[in-house]
Amino acid sequence: MKLKWWKILCIVFLFFTFTAGFLIHVPIIGNLHQSIRNFFFHVPMWFGMIGLLSLSLVYSIAYLRTQNLKHDVYASEFAKTGIIFGMLGLATGSIWAKYTWGEFWSNDPKQIAAAIAVLIYLAYLVLRGSMTDFDKRARISSVYNIFAYFIYIPLIIILPRLVQSLHPGGMEGAKGGGNPALGGGSLDATMEMVFWPAVFGWLLLGLWISSLKIRLSLLANKNLIK
Amino acid sequence: MSKILILLKKDFLLEMRQQHTFFGILLYVASTIFVLYLAMGQPESTVYNGLFWMIQLFVCVNAVAKSFMQESKGRMLYFYTITSPVQFIIGKLIYSTVIMLLMVILSLVLFRVLLGNPVLHQLQFLGIACLGGISLSLVFTLMSAIAAKAHQNAAIMAILGFPLIIPQLLLLIRLSRAAYGEVFREGALLQITLLLAGLDLLVIVLSVVLFPFLWKD
């Protein structure tokens, strides 16, 4: 097995996350108690999702510019892994929410935004599945991917200003009850030491999963895609 | 510019000649609202508002869907030889916006007649409804182009479009509460309106940039 440096880095980071994440001393903030450790698993999912979906966008644009089917395979596999990260983020978030906010789902803007992202990219997959012609599928789904991404970005900027949030860093002056303000600035130094490796570890894992799927897909279609 | 006008004229001429499709959608609007009336009588303002925008969403899917789906493959090839994609998409955007605005006004009247009138500021609501009609029709025009290119029915258009329309729809629902008498923070109304206009502009730019890629086969 040939391990590239970033794969080794991914293993090291995730190993660090799973050990240090459970062992370090965490500050007790509000009603979070030890559940704050979920921070190392839940939050990186969003970094992973946005990162992978952005890569998918980049490859969709590349496809439209070069008409190289390889780029379309990249775009679709990144989108698929992005959806998985989104779903994992929703799951970890809902469980966390159940024990801190009392409900699995409380119409929080970030929950809504994540659910919409999953919906959009599932629609993207439905669209891809509805066509059999390779070139056509690549072209039409790239167009949808680009359009959707640029509509989605304003959404995540607008939504938090419209709906009250329980998440840290929500609407001004409308912080949810019992919610600790755990914004980026107030992150504890020891937590930050685990948090950033966790983010990069999970992101690299996403890239790794996608790269395997891309290789598989390219092999399966090697007669069609040069 | 003149080519856009000719394309528009052709679309409206077709609309006049094939009146059954236009009246079909009118009937769709009317019967949906009538069913609503039978189901819930005259609801209070929150429900009224929610229903109004949901109906607009479904009307839009039906009204705008045909703007691309009515074009046969041969005819698209013909357009391909005589116009540029940018002119073509602009023509279609204007056409579906006009159709949608007619539908919005009709459903406003029907809502007023059948479901009562919790709206305090009529003109303001009319303005918001028109803005909403424009936003909806712009997004769904490109979705219709995608669905038509994929040789799919209107169902895929709904699947593709619904998650994308959520930001506009939320803003519209929020904005229309002003017309029901809710008091907003100073400047908030203008802010939301500008945001909606900005989103519309973004959708137009994206459509113009992306449509040329859809169009060539």
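All chains are named by letter (A, B, ...) in the order of the sequence lines, taking the proteins before the strands, and each is independently numbered beginning at 1.
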Taking atom types as modelled, is there a side-chain donor on A:Ser54 or A:Tyr149 under 3.5 Å from an acceptor on the other?
-> yes
Chain A contact via B:Leu195 - side chain, backbone, both or neither, heavy atoms under 4.5 Å | side chain
Contact origin within B:Leu199 toward chain A - heavy atom pairs under 4.5 Å | side chain
Flag the pair B:Leu115 / B:Pro43 as yes when at least one side-chain heavy-atom distance between them is below 4.5 Å, and no otherwise.
-> yes
Under 4.5 Å to a heavy atom of chain A? For B:Leu202 that would be side chain
Side chain / backbone / both / neither for B:Val209 at chain A, heavy atoms under 4.5 Å | neither
Under 4.5 Å to a heavy atom of chain A? For B:Ile156 that would be side chain
Relative to chain B, which segment of A:Phe147 carries a heavy atom at a distance below 4.5 Å: side chain, backbone, both, or neither?
-> both
So is B:Arg177 actually on top of B:Tyr180's ring, under 6.0 Å and inside 45° of the axis?
-> no
Pick whichever of B:Ile159, B:Ile166, B:Val139, B:Leu164 has the most heavy-atom pairs under 4.5 Å with chain A.
-> B:Leu164
Do you see a donor-acceptor pair shorter than 3.5 Å between the side chains of A:Thr92 and A:Asn38?
-> no
Is the closest basic N to carboxylate O distance between A:Asp72 and A:Arg139 below 4.0 Å?
-> no
A:Trp196: which of A:Phe40, A:Phe13, A:Trp202, A:Phe47 passes ring-ring contact (aromatic ring centres under 6.0 Å, His included) | A:Phe47
With chain B, which of A:Ile146, A:Val143, A:Asp135 has the greatest number of heavy-atom pairs at distances under 4.5 Å?
-> A:Val143
